[in-house]
Engineer: 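I am attaching a structure below and will ask some questions about it afterwards.
So you know, we letter chains A, B, ... as the sequences are listed, proteins then strands, and number each from 1.
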2 protein chains.
Amino acid sequence: MPAPIMSREELVARLLELFRERGYDGIALSDVSAATSLGKSSLYHHFPGGKQDMGAAVLEQAGAWLERDIVGALSADRPPARRLDAMFAALRAFYGGGTRPCILAALVTGSAHELFQPALGGAFRTWIQALVAMLTEAGVQAAAARELAQDLVVAVQGSLIVARGTQDPDVFRDTLRRQQARLKAALDAAQR
Amino acid sequence: MPAPIMSREELVARLLELFRERGYDGIALSDVSAATSLGKSSLYHHFPGGKQDMGAAVLEQAGAWLERDIVGALSADRPPARRLDAMFAALRAFYGGGTRPCILAALVTGSAHELFQPALGGAFRTWIQALVAMLTEAGVQAAAARELAQDLVVAVQGSLIVARGTQDPDVFRDTLRRQQARLKAALDAAQR
DNA sequence: GTCTATAATAGGATAGAC
DNA sequence: GTCTATCCTATTATAGAC
């Protein structure tokens, strides 16, 4: 019995990397095999349901990250402005400053859309809801908070697409900087 | 010699529909065959290079639409505000009010990214540039125009992703309405 | 310009040894 | 928990008739 070559977390992390870069339908099990140095049978040992199981595991790990680094940052016991900064730092890190695609966007298309829609919808809603909660708690009106939150998520997704399409990560960086300033301004305005 | 069953334009339009909905790697030639009622050999007659040729044809048609309905609207001989309205009308129509994905976003991932990157980058840049030109012509400062233009394209792409992820086209509708108001306001401010 | 038939390969998945 | 070997189906692509 050979010992496990890597932890499940590391394994799923590599899958996530593959899926976000090339999409669900763009990845073959042979790609996974190459990226993990595991034979196909080993992969089926870890994911009995095959590729679909892999997608589910990746989404689960992404959900955990969202919960810990985004929702966690936004609901931390700190001043609202510091919470915002923490979320933006997490976003910049996770998306490699605009060079790495979002796993959610990678899975909204093709077969993944049919297979994982509920989880995808849940992730987007969780993210938006955490932002709304933080903003309203800081005194921003409900309608304005909803608008700001939606705009942020939209801006992240859109700038990642445009950054990749134009091969220019500056779009992501500039967009995030502006969103951060706008949200900060909303917090300041609500403080009065 | 059987007569052609449909025009090339109609043929490519159906391919575009397939690729935007399910992505390049999510479509098999059998899908194309079913959607066009053409046998595989007929498809190879129209696209000797196979699937890659189909992708190129789709991008070419999308580029023509961009040139005619977006760049055309933005550079028409009308007041700037009317040009803006025409662009937004075209966007709402092309994206089915938020229910239909963008072909550019569908092709930034997977094999399509490697195959078509130059055309994709060109399309994004053309769109942004046409907006910048219109805004500066209307008196908006260059830096502000660049920011507004980038934000619009980012907002369109992002809201389509989020709309699809959450199964809620309202995100697209609301986002476009706000972008339209913002751009109108910039035009008004520049008029003085 | 379209068809049927076929080749060649790649894909997802399983069996069974160690 | 990993491997080699194998299966079956789908996929891309071509040949040649009409």
Side-chain angles (χ1 to χ4, degrees), chain A residues 1-59 61 106-107 109-116, chain B residues 1-59 61 106-107 109-116:
Chain A
M1 288 188 209
I5 267 176
M6 69 183 92
S7 71
R8 180 178 171 93
E9 196 179 339
E10 168 64 16
L11 181 55
V12 177
R14 295 200 189 183
L15 294 184
L16 193 148
E17 215 48 45
L18 288 176
F19 285 143
R20 84 195 295 195
E21 285 289 342
R22 313 192 25 92
Y24 186 75
D25 293 325
I27 288 297
L29 293 200
S30 59
D31 298 319
V32 180
S33 210
T36 58
S37 312
L38 284 177
K40 292 189 185 180
S41 296
S42 304
L43 292 175
Y44 274 92
H45 172 76
H46 294 286
F47 307 99
K51 203 177 168 185
Q52 186 169 350
D53 254 21
M54 299 179 198
V58 160
L59 264 175
Q61 184 143 317
L107 297 182
T109 205
S111 344
H113 182 238
E114 288 112 62
L115 294 173
F116 308 121
Chain B
M1 286 186 206
I5 267 176
M6 69 183 91
S7 71
R8 180 179 171 92
E9 195 179 339
E10 168 65 15
L11 182 54
V12 177
R14 295 200 189 183
L15 295 184
L16 193 149
E17 215 47 46
L18 289 175
F19 285 144
R20 84 196 295 195
E21 283 290 342
R22 314 191 26 92
Y24 186 76
D25 293 324
I27 289 297
L29 293 199
S30 59
D31 298 318
V32 180
S33 208
T36 58
S37 313
L38 284 178
K40 295 188 185 178
S41 296
S42 304
L43 293 174
Y44 275 94
H45 171 76
H46 294 284
F47 308 99
K51 203 176 167 186
Q52 184 168 352
D53 254 20
M54 299 180 199
V58 160
L59 264 174
Q61 185 142 317
L107 298 181
T109 204
S111 344
H113 182 239
E114 287 112 63
L115 293 172
F116 307 121

Engineer: Nearest heavy-atom pair of A:K40 and A:S33: which atoms, and what distance?
Structural biologist: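 In this case the closest contact between A:K40 and A:S33 is N-OG, 3.9 Å.
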Engineer: Check the pair B:R8, B:Q61 against side chain to side chain contact (heavy atoms under 4.5 Å, CB included), reporting the backbone distance first and the verdict last.
Structural biologist: CA-CA 11 Å; B:R8 180 179 171 92; B:Q61 185 142 317; over 6 Å; no
Engineer: Find the distance between CD (A:E114) and OG1 (A:T109) and round it off to the nearest 0.5 Å.
Structural biologist: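 With rounding to 0.5 Å, CD (A:E114) is 9.0 Å from OG1 (A:T109).
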Engineer: Closest approach to the side chain of B:S41, judged atom by atom: which nucleotide of D:dT14, C:dT2, D:dA5 is it?
Structural biologist: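 Between D:dT14, C:dT2, D:dA5, the one nearest the side chain of B:S41 would be D:dT14.
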Engineer: Using the rule given for side chain to side chain contact (heavy atoms under 4.5 Å, CB included), can you reason through B:L38 versus B:H46, listing the C-alpha separation, both sets of side-chain angles and the distance that settles it, and then say yes or no?
Structural biologist: CA-CA 10 Å; B:L38 284 178; B:H46 294 284; 4.3 Å; yes
Engineer: Looking at B:Q52, is its backbone amide N or carbonyl O close enough to the side chain of B:Y24 to form a donor-acceptor pair, meaning the two atoms are under 3.5 Å apart?
Structural biologist: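 Yes.
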Engineer: Hunt down any stem DNA chain C takes part in, defined as 3 or more consecutive Watson-Crick or G-U pairs whose two distances are each under 3.5 Å.
Structural biologist: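 Stem list for DNA chain C: C:1-10 with D:9-18, C:12-18 with D:1-7.
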Engineer: Let me confirm one number: the CG-CE distance from A:L16 to A:M54, rounded to the nearest 0.5 Å.
Structural biologist: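 One finds 13.5 Å between CG of A:L16 and CE of A:M54.
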Engineer: To check you understand the geometry: which heavy-atom pair defines the closest contact between B:V32 and B:I27, and what is its length?
Structural biologist: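 That would be CG2-CG2, 3.7 Å.
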Engineer: How long is the straight-line distance from OG1 of A:T36 back to CG of A:L43, given to the nearest 0.5 Å?
Structural biologist: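 So the gap between those two atoms works out to 5.0 Å.
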Engineer: Using a cut-off of strictly less than 4.0 Å between a heavy atom of the residue and any atom of DNA chain D, enumerate the qualifying residues of residues 22-30 of chain A by number.
Structural biologist: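 By residue number: none to list.
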Engineer: Dump the intermediate steps for side chain to side chain contact (heavy atoms under 4.5 Å, CB included) on B:F47 and B:L11, then the final yes or no.
Structural biologist: CA-CA 11 Å; B:F47 308 99; B:L11 182 54; 3.9 Å; yes
Engineer: How many Å lie between NZ on A:K40 and P on C:dG16, as a whole number?
Structural biologist: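 Taking NZ of A:K40 and P of C:dG16, I get 19 Å after rounding.
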Engineer: Among residues 43-54 of chain B, which ones have heavy-atom contacts with DNA chain D below 4.0 Å?
Structural biologist: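 Here the set is B:Y44, B:G50, B:K51.
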Engineer: Out of curiosity, A:K51 NZ to A:L115 CG, how far, rounded to the nearest 0.5 Å?
Structural biologist: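 CG of A:L115 is found 9.5 Å from NZ of A:K51.
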